[in-house]
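Take a look at the structure set out below.
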Amino acid sequence: MSQQRYKFPSGEDGWINLPPLRAPNCPPGLEYLTQIDQLLVHQKIELLEVLTACETNNKYWIKNSMGQKVFWAIEENDCCTRSCFGRMRPLDLRIFTPDENQAIHLFRALKCDSCCFPCCLQTMEVSSPPGNVIGTVEQEWSICSPLFTLKDHTGRTVLRIEGPFCTISICGSDVNFQVLTLDGQVVGKISKQWSGLARELFTDADHFGINFPMDLDVRMKAVLLGACFLIDLMYFEK
């Protein structure tokens, strides 16, 4: 594989190993996902948010296991929506390749959230390329622990996610959401990683790790990435 130098939107420089130019049955921009089994999602700290406590549009680096930046993501929302609805706000999140081509679009509609009412369940729609839905993340009704189903573009359930009873990190431990097959076999996880006391107390800039099978369909890998952002908003956005 070759290497290419690129300029990040924030002005940072970096290096990345490019995937093969073509991958069969793969949406454009997702080729790199065909050769990995782990992603790291790091939310950027916004100085204005820290100083004023005013919620700004979230921005993220998406990295491989070696810490190389392979995607970047940005929320598109207005100040009024962020301030009035907080973590339950409707969401448009756009995920770009380093050359600034949009690879994935995530959309969550505005809905109430309550474990006591099965009609108040969250969903995340995943499109790649934008306008072409490749899957959805759907919350299941559960009082004891978080449950989600991951469906492909036909509406068929492919994977499930089961979270812990307590989603609060205890003594700096990670909070793990298990990725399960339909017969209950654990094949991956989404982990809310402890990012340090100061960062945890004074910001909502979280760190996540996503593990999945190497041979998982690339579209479902993108849906798992969408599940990570939904979990972040629902349980860890302050």
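- Between Glu140 and Arg160, at least one side-chain nitrogen of the basic residue sits less than 4.0 Å from a carboxylate oxygen of the acidic one, meeting the salt-bridge criterion.
- The hydrophobic cluster containing Phe71 does not contain Phe107, counting ILVMFWY residues as joined when their side-chain heavy atoms lie under 4.5 angstrom apart, directly or transitively.
- Side-chain contact between Glu75 and Leu91: present, with at least one pair of heavy atoms (C-beta onward) separated by less than 4.5 Å.
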Problem set entry | side chain to side chain contact (heavy atoms under 4.5 Å, CB included) between Leu224 and Ile161, worked out | CA-CA 9 Å; Leu224 269 173; Ile161 293 176; 4.2 Å; yes
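- Glu125 is linked by a salt bridge (Lys or Arg N to Asp or Glu O under 4.0 Å) to nothing, counting only residues two or more places apart in sequence or in another chain.
- Separating the CG atom in Leu93 from the CD1 atom in Ile104 is a distance of 9.5 Å, to the nearest 0.5 Å.
- Here the straight-line distance linking atom CD1 of Ile231 with atom CD of Gln139 works out to 10.0 Å at 0.5 Å rounding.
- In terms of the side-chain hydrogen bond (donor to acceptor under 3.5 Å, both in side chains) criterion, residue partners of Thr181 (sequence neighbours excluded) are, by chain and number, Asp183.
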Problem set entry | CA sep, side-chain torsions, deciding dist, call: Asp174, Gln193, side chain to side chain donor-acceptor pair (under 3.5 Å) | CA-CA 5 Å; Asp174 293 347; Gln193 300 171 340; 5.2 Å; no
For this session: Would you check, one step at a time, whether the test side chain to side chain donor-acceptor pair (under 3.5 Å) holds for Ser191 with Asn176?
Result: CA-CA 4 Å; Ser191 298; Asn176 295 317; 2.5 Å; yes
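- In plain terms, the two heavy atoms of Gly29 and Thr97 that are nearest each other are O-CG2, 3.8 Å.
- Taking the ring axis of Phe212 as reference, the NZ or CZ atom of Lys221 does not stay both within 45° of it and closer than 6.0 Å to the ring centre.
- Checked against side chain to side chain contact (heavy atoms under 4.5 Å, CB included), Val218 has the following partners two or more places apart in sequence or in another chain: Cys26, Pro27, Leu30, Leu33, Thr34.
- Under the side-chain hydrogen bond (donor to acceptor under 3.5 Å, both in side chains) criterion, Asn25 pairs with no residue at all, not counting sequence neighbours.
- Arg108 contributes a side-chain N or O that, together with a main-chain N or O of Arg89, makes up a donor-acceptor pair within less than 3.5 Å.
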For this session: Go through Gln43 and His207 one step at a time and tell me if the side chain to side chain contact (heavy atoms under 4.5 Å, CB included) criterion holds.
Result: CA-CA 6 Å; Gln43 185 175 344; His207 287 179; 6.0 Å; no
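- When all heavy atoms of Ile210 and Cys228 are compared, the closest pair comes out as CD1-CB, 3.6 Å.
- Annotation for Pro98 and Val70: closest pair CD-O, 3.2 Å, computed over non-hydrogen atoms.
- Between Ile134 and Ser127, the closest side-chain pair of non-hydrogen atoms is not below 4.5 Å.
- Between Lys44 and Trp61, some side-chain heavy-atom pair lies under the 4.5 Å cut-off.
- Atom CD1 of Ile95 is separated from atom CD1 of Ile62 by 4.5 Å, given to the nearest 0.5 angstrom.
- Interatomic distance, Leu230 CG to Thr123 OG1, rounded to the nearest 0.5 Å: 8.0 Å.
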For this session: Please step through side chain to side chain contact (heavy atoms under 4.5 Å, CB included) for the pair Val158 and Leu150, ending with a clear verdict.
Result: CA-CA 6 Å; Val158 179; Leu150 276 61; 5.6 Å; no
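- Note on Leu182: it does not cluster hydrophobically with Trp141, by side-chain heavy-atom contacts below 4.5 Å among ILVMFWY residues.
- In this structure, the side chains of Leu225 and Leu106 stay at 4.5 Å or more apart for every pair of heavy atoms.
- Interatomic distance, Phe165 CZ to Ser145 OG, rounded to the nearest 0.5 Å: 8.5 Å.
- A pairwise comparison of heavy atoms in Asp217 and Arg219 identifies OD1-N, 2.8 Å as the closest pair.
- Both Tyr235 and Val175 are members of a single hydrophobic cluster when ILVMFWY side chains are connected at heavy-atom separations under 4.5 Å.
- Residues Ile36 and Ile190 share a hydrophobic cluster, clusters being chains of Ile/Leu/Val/Met/Phe/Trp/Tyr side chains in contact below 4.5 Å.
- Scored by the side-chain hydrogen bond (donor to acceptor under 3.5 Å, both in side chains) test, Thr136 finds Glu138 as partners (sequence neighbours excluded).
- The CG atom of Asp37 sits 7.0 Å away from the OG atom of Ser65 when rounded to the nearest 0.5 Å.
- Residues Phe96 and Glu100 come closest through the heavy atom pair CD2-O, 3.7 Å.
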For this session: Kindly indicate, with the supporting measurements, whether the criterion ring pair (Phe, Tyr, Trp, His ring centres under 6.0 Å) is fulfilled by Tyr60 and Phe229.
Result: CA-CA 10 Å; Tyr60 304 86; Phe229 286 108; 4.7 Å; yes
For this session: Using the side chain to side chain contact (heavy atoms under 4.5 Å, CB included) rule, take Leu180 and Val187 through it: C-alpha gap first, then chi angles, then the decisive distance, then the call.
Result: CA-CA 6 Å; Leu180 311 169; Val187 293; over 6 Å; no
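- Ring centroids of Phe148 and Phe177 are separated by 6.0 Å or more, keeping the two rings apart.
- Not a single side-chain hydrogen bond (donor to acceptor under 3.5 Å, both in side chains) links Lys189 to another residue, sequence neighbours left out.
- Of all heavy-atom pairs between Ser128 and Pro28, the closest is OG-O, 4.3 Å.
- Cluster annotation: Leu147 is not connected to Leu121 through the hydrophobic network of ILVMFWY side chains, with a link wherever side-chain heavy atoms come within less than 4.5 Å.
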